[in-house]
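Have a look at the structure below before the remarks.
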Amino acid sequence: MATANVGKVVLLPKGNWSNSTTYNYLDFVLHNGSSWVSKTNGNVGHEPSASDTTNWQVLATAAEEVTVESQTLAYASQSVSAFNGNPPTTGWQNTVPAVSAGDYLWVRTTTEFSDGNSFNSYNVTKYGTNGTGVGTVTGAKLGASGTLIEPTDGVLIFGLDATPTDSSTNLVNSGGIAQRIYQVVSQMVAKLTSGTTRKVYIHEGATQSDLEIDETATANSANLITSGAVAKKVDIQQGSANAGKVMTVGADGTLSPQTPSGGVTIDLLWENASPLSSFNPQTISLDLTTYNLVGILFEGIDGADAETPLVISGIGKYVNLTISRLNVDLVGTAALNMFYRRAHITNSGIQFESGNMYYNNEVYKDWNNRAIPIAIYGIKGVSE
Amino acid sequence: MFALNLDTDKRILSATYEQYASEGMPIVEELPHNEETDDITEFRYVNKKYVYDPKPIPPTPTPEPSQLDMVEAQALYTAMMTDTLLEE
């Protein structure tokens with residue numbers, strides 16, 4: 001049977017294009033994702049491209065890669081009355097605008113691609129209201145230290161009562177915002193000069209500053225002072241500069257320590273804790289600078305005597321603690337028996353010398369169980 | 001609680017109550033005593049402990065005989081010499 005060469009009639013796949021391969025008419029190659037058909041014989045060294053229309057014919061072009069070039073945010077507010085679920089057409093800006101409580105904030109995101117296309121996406125947020133109004137506290141409770149802990153359901157609403165009474169259940173009595181909540185551990189009642197009473201609460205961890213005084217208080221004030229005075233601490237403890245003084249209350253309620261006029265103050269400064277023991281020579285250290293006179297109570301023999309005389313003298317003086325007895329026997333013979341001890345009173349204390357005894361015309365020294373000091377007193381409000 | 005006033009050799013001179021204590025006075029819960037005495041001046045306070053250290057006792061004065069003593073002594077002597085002593 002006779003044959004005739006009619007040439008290549010189908011595409012002949014040659015795989016990926018190679019720079020060193022010679023391609024002929026209708027040879028089919030792949031290059032950079034596109035497929036090409038050779039239009040000539042002896043096609044070598046010609047890279048397939050759209051511009052080389054002499055040697056190559058493209059069959060299918062590879063898809064073009066598109067990337068995001070940029071994203072731009074814009075914001076716009078929208079009132080409750082204008083809100084219909086669609087983004088506003090005007091009012092867009094590149095900064096977040098002020099949004100009134102209850103209104104909406106729109107956010108527009110514009111995405112631009114490398115092929116020149118772009119599209120917009122939108123988010124919308126509703127702003128909350130200011131939280132005023134009366135509500136209830138749900139799930140809140142006081143901790144061990146009196147601090148308020150967060151409720152478990154996240155709902156915590158403080159009621160505000162502009163006109164509270166003692167029976168009010170809300171937290172704030174003046175329309176303000178509650179800042180601290182304390183667990184009350186004590187309560188007392190202050191009686192005002194007007195006759196009304198006010199409650200004062202002491203809470204755990206309270207300090208002096210927590211007891212606030214209203215300097216412009218009135219008779220109906222809920223605070224402690226009714227006449228504009230400021231409460232002050234006045235130290236009247238023994239040994240202080242105000243010890244022994246009396247307090248006068250001024251017209252504004254302030255307290256003023258005053259030296260009592262015509263009054264005498266006697267302070268017990270020292271007491272013998274073992275009066276049945278001997279009393280050796282010694283100095284009892286005392287601050288006597290604020291006293292006019294000093295009194296020494298003593299007894300004759302360590303605890304055996306009913307006699308406990310008191311001698312009083314001034315600062316800088318020497319005194320004798322002396323007890324005399326006249327012993328008389330059955331036939332009328334008398335004998336003098338005397339116990340005595342000398343003491344020197346100074347601003348810093350009293351120096352006691354040894355105790356002595358005089359008996360039957362004899363002096364017995366260092367009998368320290370005689371003339372024993374029992375107590376020492378400081379006396380104010382008198383002149384030497 | 002008590003405050004002790006001590007001598008330089010730690011001997012107790014006197015005791016007062018804590019509220020009347022001067023600076024430097026040791027504060028104790030109890031005052032010293034033993035079977036011999038309750039006199040606190042018979043003790044020294046050393047290293048926070050009481051040490052019993054009695055002091056010498058001064059001589060006790062002997063009272064001279066009174067007129068009655070001498071009359072009684074004379075009557076007793078006379079009765080013994082004359083064998084006229086009354087028996088109880």
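Computed over heavy atoms, backbone and side chain alike; hydrogens, waters and symmetry mates excluded. Protein chains get the first letters and strands the later ones, always in sequence-line order, with residue 1 at the start of each.
- For B/I40, the parts lying near chain A are the backbone and the side chain together; criterion is any non-hydrogen pair under 4.5 Å.
- The candidate from B/S22, B/A15, B/A21 with the greatest count of non-hydrogen atom pairs under 4.5 Å with chain A is B/A15.
- Between B/D53 and B/R11 there is a salt bridge, since a side-chain N of the basic residue sits under 4.0 Å from a carboxylate O of the acidic one.
- Here the two rings, on A/F279 and A/F352, have centers that are under 6.0 Å apart.
- Here B/L13 is the residue among B/N5, B/L31, B/T41, B/L13 with the most heavy-atom pairs under 4.5 Å with chain A.
- For the residue pair A/I372 and A/N368, the shortest heavy atom distance occurs at CG1-O, 4.0 Å.
- Using a 4.5 Å cut-off between heavy atoms, B/F2 contacts chain A through its side chain alone, with no backbone atom that close.
- Here the rule is salt bridge (charged side-chain N to carboxylate O under 4.0 Å, His left out) with A/E353, and of A/K365, A/R370, A/R342 only A/R342 fits it.
- Relative to the ring axis of B/Y45, B/K10 does not place its NZ or CZ within 45° and under 6.0 Å from the centre.
- Interface residue A/P281: only backbone heavy atoms are found under 4.5 Å from chain B.
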